[in-house]
Amino acid sequence: MNLVTTILLIALLLSIVLATVAFWLPQMNPDMEKLSPYECGFDPLGSARLPFSLRFFLVAILFLLFDLEIALLLPLPWGAQLTDPTMTLLMTAAILTLLTLGLIYEWVQGGLEWAE
């Protein structure tokens, strides 16, 4: 067998084994907590006018920001193969520096603290 056939066979067997284990392994014990929709810790049948914690909002925005950073840095290996990759590396360094300074600012201001 050649290498490609061997890799495809291993991937197929591993996929079948993992799917079988994932199907047979979990224990199904549904209760009211597991069957109710998750609404960020709020009671889904209660009032919709409850105040929302800004800490959760801040963490969600920081997650989106750093997720965007990864999306912006993904093409970096292809940009480094250009004839003059200095501009790509300069822009990457600028993005990382800006995000690092923003994270340091949030940390110093206490925005990442969960308890007062």
Side-chain angles (χ1 to χ4, degrees):
M1 278 199 264
N2 62 7
L3 182 62
V4 175
T5 309
T6 306
I7 290 174
L8 288 176
L9 185 63
I10 291 172
L12 181 68
L13 288 175
L14 186 62
S15 299
I16 291 171
V17 168
L18 289 175
T20 305
V21 168
F23 181 73
W24 291 106
L25 190 62
Q27 298 174 355
M28 299 294 182
N29 296 326
D31 60 357
M32 288 308 293
E33 286 293 320
K34 289 182 181 178
L35 293 176
S36 69
Y38 179 70
E39 299 289 338
C40 299
F42 293 115
D43 181 21
L45 301 176
S47 173
R49 306 263 183 221
L50 293 174
F52 186 71
S53 174
L54 288 178
R55 301 268 182 212
F56 292 114
F57 181 72
L58 178 66
V59 170
I61 293 296
L62 285 175
F63 173 77
L64 288 175
L65 182 67
F66 284 100
D67 195 37
L68 178 65
E69 169 200 0
I70 291 173
L72 289 174
L73 293 178
L74 275 177
L76 180 63
W78 291 280
Q81 294 176 0
L82 297 174
T83 56
D84 186 25
T86 56
M87 189 62 176
T88 304
L89 295 176
L90 183 66
M91 292 303 232
T92 302
I95 290 171
L96 287 175
T97 303
L98 183 65
L99 287 171
T100 304
L101 289 175
L103 182 64
I104 291 171
Y105 176 77
E106 286 293 329
W107 196 329
V108 169
Q109 293 294 322
L112 300 177
E113 297 294 326
W114 284 105
E116 298 287 332

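FYI, side chains are in, hydrogens and waters are out, and symmetry mates aren't considered; it's all heavy atoms of this structure.
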Checking Asn2 against Thr5 for the side-chain contact (heavy atoms from CB on, under 4.5 Å) test, could you report, in this order, the C-alpha distance in whole Å, the side-chain angles of both residues, the deciding distance, and whether it holds?
CA-CA 6 Å; Asn2 62 7; Thr5 309; 2.5 Å; yes
Same cluster or not: Ile95 versus Leu68, using hydrophobic residues (I, L, V, M, F, W, Y) connected whenever any side-chain heavy atoms lie under 4.5 Å apart?
yes
Do Trp107 and Phe66 share a hydrophobic cluster (ILVMFWY, side-chain heavy atoms under 4.5 Å, transitive)?
yes
Hey, what do you get for CG (Leu18) to CG (Leu25), rounding to the nearest 0.5 Å?
11.0 Å
In terms of hydrophobic clustering (I, L, V, M, F, W, Y; side-chain heavy atoms under 4.5 Å; direct or indirect links), are Leu65 and Leu103 co-clustered?
yes
Could you state the interatomic distance from CG (Leu9) to CG (Leu14), rounded to the nearest 0.5 Å?
11.0 Å
About how many Å separate CD of Glu69 and CG of Leu64, when rounded to the nearest 0.5 Å?
13.0 Å
Please report the shortest heavy-atom distance between Ile16 and Thr20, naming the atom on each side.
O-OG1, 2.7 Å
Given Ile10, which of Thr6, Leu12, Leu8 fulfils the side-chain contact (heavy atoms from CB on, under 4.5 Å) condition?
Thr6
